[in-house]
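Quantities reported herein were computed from a predicted structural model and do not represent experimental measurements. In the text below, chain A, chain B and the rest are named by the order of the sequence lines, each starting its count at 1.
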Amino acid sequence: MRLSAYFLPTMKETPAEAEIVSHRLMLRAGMIRQASAGIYSWLPLGLRVLKKIERIVREEQDRSGAHEVLMPTIQSADLWKQSGRYDDYGKEMLRIEDRHGREMLYGPTNEELITDIFRSAVKSYRDLPKMLYHIQWKFRDEVRPRFGVMRGREFLMKDNYSFDLDYEGSKRAYNKMFVSYLRTFARMGLKAIPMEADTGPIGGNLSHEFIILADTGESEVFCHRDFVDFDVLGSAVDYEADLEPLVQSWTKLYARTDDKHDQAVFEKEVPEDKRLNRRGIEVGHIFYFGTKYSEPLGALVATPEDEQVAVHMGSYGIGVSRLVGAVIEASHDEAGIIWPEPVAPFKVGLMNLKTADAACTQACDETYAKLGGAGVEVLYDDRDERPGAKFNGMDLIGLPWQLIIGPRGLDKGLVELKERRGGEREELSLESALARLTA
RNA sequence: CGGAGCGUAGCGCAGCCUGGUAGCGCACCACACUGGGGGUGUGGGGGUCGCAGGUUCAAAUCCUGCCGCUCCGACCA
């Protein structure tokens with residue numbers, strides 16, 4: 001992408017509304033614009049990141065055996081009345097009346113709707129298990145939206161729902177999601193720690209939150225220090241195998257959010273030098289809730305004995321738009337964002353130090369074409385600007401690599417390559433730089 | 001929803017206390033200089049001072065109401 005043609009409204013100064021670092025950087029890097037409290041427009045650079053995160057989430061969901069659907073943002077109140085949540089949900093649910101006076105709502109979650117879809121189609125245990133997910137905008141009219149996209153009112157969420165004949169089946173689904181989540185977050189360069197969590201208004205009794213440790217996190221968390229060194233990407237996962245041992249290995253050490261925390265147990269199970277008490281960002285939450293919705297909504301299937309039983313369900317959420325903020329909270333420095341490569345909006349920032357120099361510009365243009373031809377995503381600062389006025393937002397927008405080409409270096413056959421993380425510049429030949437970036 | 005604060009040009013702010021008809025920096029436009037990382041100089045453009053009432057000869061400034069936004073707390077992907 002040529003910067004001269006792109007829409008990248010960066011800011012030197014931070015808008016007064018932004019308090020935490022990810023919010024400030026997202027605004028300054030031209031990723032988002034606030035539309036109203038807790039509601040954001042995504043600008044090109046931010047949207048690229050959002051899409052990359054979404055794609056990783058989708059790939060890992062598919063890999064685990066889930067099937068993608070897409071349910072609407074607007075739902076009818078009827079199903080919610082059946083489940084009993086129309087009254088329970090309170091003011092957080094945005095209620096709308098259509099022109100015929102029918103009660104509608106902007107979906108804060110989709111248990112009811114997916115259960116309705118399921119019950120209308122599945123009648124037998126033979127069709128189980130099933131996992132259905134979608135990635136859709138949700139609306140929760142938070143009392144107090146804050147922290148930019150980390151706690152918006154409108155947010156993009158992946159929510160998956162599992163359907164099984166019994167608890168054992170549900171536990172297998174739960175384990176799949178558990179493992180899938182570890183891999184999903186790891187692919188984004190995040191260390192997410194699964195912690196025992198409260199089930200909240202969704203209900204149920206088996207629940208983990210996936211927490212990114214960060215000082216600006218919203219909740220207090222307690223866990224065993226060894227979690228910090230756990231590595232998940234090491235081996236591929238066979239989702240058809242028994243995942244229980246793997247899940248056990250991730251749940252045997254103490255890790256709980258503050259509502260589940262028990263100081264006495266913490267001190268008993270974790271040696272003092274291994275106790276970690278930090279703040280964390282919740283990026284995922286998985287629940288088993290049995291027949292909480294299938295019973296009131298009549299999602300019944302026939303067993304092998306031809307009995308009608310309510311299916312056991314679980315739901316599994318990932319805050320996709322929140323993750324954009326979470327990645328930044330976990331990865332930045334004074335100068336700006338440091339994108340992990342898998343979610344970076346571009347891999348390389350290419351900078352022409354002297355656009356007035358024909359040879360330099362030609363070298364830059366050719367480099368841009370070569371990188372593009374090799375499938376490398378490049379943001380190319382090709383603008384004809386004065387020397388000191390050169391866009392210096394490359395550190396701010398945090399692309400993994402910066403390739404800097406100027407006439408002085410070209411005379412010696414050298415260009416500069418800078419890795420954003422670490423920030424050291426290296427002089428090398430253009431060929432070596434290209435080889436490095438296309439490797 | 002309890003507590004605190006803020007709305008003045010695209011962004012950051014001053015002016016308000018003590019009313020006299022709006023200013024600074026960045027950004028933007030033009031020209032010149034300049035070319036190894038958020039230039040320099042000169043000249044410009046842009047604002048119903050959140051909205052509505054009120055007080056006054058006169059309101060960004062004082063009073064009342066409303067709207068919007070932020071922060072701290074309780075709630076949540």
*Taking atom C1' of G36(B) as reference, at what distance in whole Å does atom CD of Q402(A) sit?*
14 Å
*Think K81(A) forms a cation-pi with Y86(A), using NZ or CZ under 6.0 Å from the six-ring centre and within 45 degrees of its axis?*
yes
*Does a side chain donor of either Y174(A) or H208(A) reach within less than 3.5 Å of an acceptor in the other side chain?*
yes
*asked:* Please report the distance separating the P of U48(B) from the corresponding atom of G10(B), rounded so that it comes out in whole Å.
replied: 9 Å
*So which nucleotide from C1(B), G36(B), U70(B) ends up closest to the side chain of L353(A)?*
G36(B)
_Between G2(B) and R144(A), counting only base atoms on the nucleotide and side-chain atoms on the residue, is there a donor-acceptor pair under 3.5 Å?_
no
*K12(A), nearest nucleotide to its side chain (from G39(B), U70(B), C13(B))*: G39(B)
*Selected nucleotide, minimal atom distance to F287(A) side chain, candidates A77(B), G36(B), G38(B)*: A77(B)
_Under 4.0 Å, heavy atoms only, any strand: does R425(A) hit a base, just the sugar-phosphate, or nothing?_
base
_Side chain of M351(A) only, heavy atoms from C-beta on: which candidate in G37(B), G35(B), G38(B) is closest?_
G37(B)
*Are the aromatic rings of Y161(A) and Y316(A) close, with centres under 6.0 Å apart?*
no
*asked:* One thing to verify: whether R183(A) and E60(A) come together as a salt bridge, which I'm taking to mean a side-chain N less than 4.0 angstrom from a carboxylate O.
replied: yes
*Going by an N to O cut-off under 4.0 Å, is there a salt bridge joining R172(A) and E244(A)?*
no
*With the side chain of R146(A) defined as its heavy atoms from C-beta on, choose the nearest nucleotide among G73(B), C1(B), C13(B).*
G73(B)
*Quick one: E13(A) CD to C11(B) C1', roughly how many Å, whole number?*
6 Å
*P spacing across the pair C62(B) / C71(B), given as an integer number of angstrom*: 26 Å
_Between G20(B) and A60(B) - P atom distance, rounded Å_ = 9 Å
*From the list C69(B), G35(B), A77(B), which nucleotide is the closest neighbour of the side chain of A37(A)?*
C69(B)
*Is there a donor N/O on one and an acceptor N/O on the other, under 3.5 Å, for the side chain of S36(A) and the base of G68(B)?*
no
_From CD1 of I20(A) over to P of C72(B), roughly how many Å is that when rounded to an integer?_
9 Å
*Searching all strands shown, indicate the nucleotide that pairs with G73(B) (Watson-Crick or G-U wobble; both distances under 3.5 Å).*
C1(B)
*asked:* Can you tell me the base-pairing partner of C6(B)? Count Watson-Crick or G-U wobble geometry only, both distances below 3.5 Å, and say none if there is no partner.
replied: G68(B)
*asked:* Under 3.5 Å for both donor-acceptor distances, Watson-Crick or wobble: does C28(B) have a partner, and if so which one?
replied: G44(B)
*Could you say whether Q34(A) or I404(A) is positioned toward the 5' end of RNA chain B, judged by the nucleotide with the nearest heavy atom to each?*
I404(A)
_Sugar-phosphate only, base, or nothing, as touched by G406(A) at under 4.0 Å among non-hydrogen atoms_ = base
*With sugar-phosphate meaning primed atoms plus P, OP1 and OP2, does L156(A) contact a base, only sugar-phosphate, or nothing at under 4.0 Å between heavy atoms?*
nothing
*C71(B) P sits how many Å from M150(A) CE, rounded?*
12 Å
*Given A77(B), C11(B), C75(B), which nucleotide is nearest the side-chain atoms of P15(A)?*
C11(B)
*CD of E218(A) versus C1' of A77(B): gap in Å, rounded?*
10 Å
*Does the side chain of F210(A) reach to within under 4.5 Å of the side chain of L182(A), using non-hydrogen atoms?*
yes
*What does K91(A) touch in the nucleic acid at a heavy-atom separation under 4.0 angstrom: a base, only the sugar-phosphate, or nothing?*
sugar-phosphate
*Whom does C62(B) pair with, Watson-Crick or G-U wobble, provided both distances fall under 3.5 Å?*
G54(B)
_Students often get this wrong, so: under 4.0 angstrom with heavy atoms, is V283(A) touching a base, only sugar-phosphate, or nothing?_
sugar-phosphate
*Answer with base, sugar-phosphate or nothing: what part of the nucleic acid does E142(A) contact at a heavy-atom distance below 4.0 Å?*
base
*asked:* I'd like the C1' distance from U8(B) over to G15(B), given in whole Å.
replied: 9 Å
*asked:* Taking the nucleotide of RNA chain B with the nearest heavy atom to each, does L414(A) or G319(A) sit closer to the 5' end?
replied: L414(A)
*Classify the nucleic acid contact of A18(A) as base, sugar-phosphate or nothing, counting any heavy atom under 4.0 Å across all strands shown.*
nothing
*Return the value, rounded to whole Å, for the distance between atom CE of M11(A) and atom P of C13(B).*
12 Å
*Say you pick atom C1' in C69(B) and the same atom in G50(B); how far apart are they, in whole Å?*
10 Å
_Length of the line joining Y316(A):OH and A77(B):P, which is rounded to integer Å_ = 15 Å
*Heavy-atom distance under 4.5 Å between the side chains of E209(A) and I193(A), does that happen here?*
no
*From the options C72(B), G38(B), U70(B), select the nucleotide whose nearest atom is closest to the side chain of E17(A).*
U70(B)
*So, do W250(A) and F230(A) have ring centers that fall under 6.0 Å from each other?*
yes
*Contact class for G349(A) vs. all strands (heavy atom < 4.0 Å): base, sugar-phosphate, or nothing?*
nothing
_Just to be sure I understand the rule, does T14(A) reach a base, reach only the sugar-phosphate, or reach nothing, if contact means heavy atoms closer than 4.0 Å?_
sugar-phosphate
*asked:* Tell me the interatomic distance from R153(A), atom CZ, to C69(B), atom C1', rounded to whole angstroms.
replied: 11 Å
_R408(A) side-chain proximity, nearest of G35(B), G36(B), C11(B)_ = G36(B)
_What's P407(A) touching, base or sugar-phosphate or nothing? Going by heavy atoms closer than 4.0 Å._
base
*Of the candidate nucleotides C1(B), G35(B), C69(B), which contains the atom at the shortest distance from the side chain of V143(A)?*
C1(B)
